[in-house]
There are 2 protein chains.
Amino acid sequence: MADLDYEKMSGFFKALGNPTRLRIVKELTEGEKCVGEVESSIRVSQANVSQHLTILKAHGIVDCRKEGNARCYYLRQTDLIKKILKLIESKEA
Amino acid sequence: MADLDYEKMSGFFKALGNPTRLRIVKELTEGEKCVGEVESSIRVSQANVSQHLTILKAHGIVDCRKEGNARCYYLRQTDLIKKILKLIESKEA
DNA sequence: TTAATATATTCTAATATTCATATATAATCA
DNA sequence: TGATTATATATGAATATTAGAATATATTAA
């Protein structure tokens, strides 16, 4: 196996290593949502949601598209993310 | 599904969200190693390795046992960790 | 064009992380 | 016992993260 890019790999974990971002990601496993929808479902300020989405996007976890004056965010690799979350959720303490 | 503990889950990701800790974890997927062995394989100072191992232990990722005056660290859930790492490693950019 | 809506960005203060240095502890050996 | 080996912990400086407040931008509606 070739050398792993630990910086990049750890960056992925780091992006998920914040409770608010994890909640956002979990919301998006249900499907694409715009910022306002995420904001109201997790009850975090619009600015903060936007900041976290920017971080998730920078790490390649989400992407977005415009729709009117809204921006719809979605997971880039839904299956991968779902599998990982499932593994962690099933992990006993 | 019951409410998820996002603090705890994100703590798990956060623990893996550092390149040095990820390298340590990767080393331990090969089997139990004592601090000195980890130190020489990843070339990080003893104190720093110890600090990172303490963090990994606090998040339930590793545990350790004494053997003489050495301490052997091992993954608590080897299969789970291996599965997760494999998923991430196979993920395209 | 102006107003309203949706989202992003900038700035700041509080807090957390990281690594290095120095020191402490604990087990083994002579 | 004292010396050595292996590991852990305390401290501090540099840096990063976080959330909130204020403001900016972009799209749509009037």
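On a predicted model such as this, the values are computed, not experimentally measured, just so you know. Chain letters run A, B, ... following the sequence lines, proteins first and then strands; every chain starts at 1.
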Donor-acceptor contacts under 3.5 Å from residues 37-44 of chain A side chains, at least two apart:
residue : atom : partner : partner atom : Å
A/E37   : OE1  : A/C34   : N            : 2.8
A/S40   : OG   : A/G36   : O            : 3.1
A/S40   : OG   : A/E37   : O            : 3.3
A/S41   : OG   : A/E27   : OE1          : 3.4
A/S41   : OG   : A/E37   : O            : 2.6
A/S41   : OG   : A/V38   : O            : 3.3

Tell me, please, which residues at least two apart from [X] pass side chain to side chain contact (heavy atoms under 4.5 Å, CB included).
X	value
B/N69	none
B/Y6	A/P19, A/L22, A/R23, A/K26, B/L4
B/K82	B/T29, B/T78

Base versus backbone protein contacts along nucleotides 10-21 of chain D [heavy-atom cut-off under 4.0 Å; B, S, -]: B------SSBBB
- request: Report the residue (A/Q46 or B/E37) whose heavy-atom-nearest nucleotide on DNA chain D is the more 5′ of the two.
  value: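 The residue closer to the strand's 5' end, by nearest nucleotide, is B/E37.
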For [X], which residues count as a side chain to side chain donor-acceptor pair (under 3.5 Å) partner, sequence neighbours excluded?
X	result
A/H52	A/R21
A/D5	none
B/E7	none

Please produce a list of atom pairs where a protein N or O lies less than 3.5 Å from an N or O of nucleotides 3-5 of chain D.
residue : atom : partner : partner atom : Å
D/dT5   : O2   : B/N69   : ND2          : 3.0

task: Starting from the 5' end of DNA chain C, give me the residue, A/T54 or B/R71, whose nearest nucleotide shows up first.
output: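 With A/T54 and B/R71 compared, the 5'-side residue is A/T54.
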message: Reading DNA chain C from 5' onward, which residue's closest nucleotide shows up sooner: B/E67 or A/A70?
response: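 The 5'-side residue here is A/A70.
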message: For the backbone of A/S50 and the side chain of A/T54, can you confirm whether one donor and one acceptor N or O come within less than 3.5 Å of each other?
response: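 The answer is yes, because a donor-acceptor pair under 3.5 Å joins these two groups.
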Nucleotides bounding contact with chain A, strand DNA chain C, heavy-atom threshold 4.0 Å: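 First and last nucleotides in contact are C/dT5 to C/dT10.
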Selection residues 56-70 of chain A - residue pairs positive for salt bridge (charged side-chain N to carboxylate O under 4.0 Å, His left out), sequence neighbours left out: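 Non-adjacent pairs meeting salt bridge (charged side-chain N to carboxylate O under 4.0 Å, His left out): A/E32-A/R65, A/R65-A/E67.
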- prompt: Are OP1 or OP2 of D/dA26 and a side-chain N or O of A/K66 less than 4.0 angstrom apart?
  reply: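 Looking at the OP1 and OP2 atoms of D/dA26, neither is under 4.0 Å from any side-chain N or O of A/K66.
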- prompt: Would B/H59 and B/L16 count as a side-chain contact (heavy atoms from CB on, under 4.5 Å) if you check the C-alpha gap in whole Å, the side-chain angles of each, and the deciding distance to 0.1 Å?
  reply: CA-CA 10 Å; B/H59 286 282; B/L16 297 177; over 6 Å; no
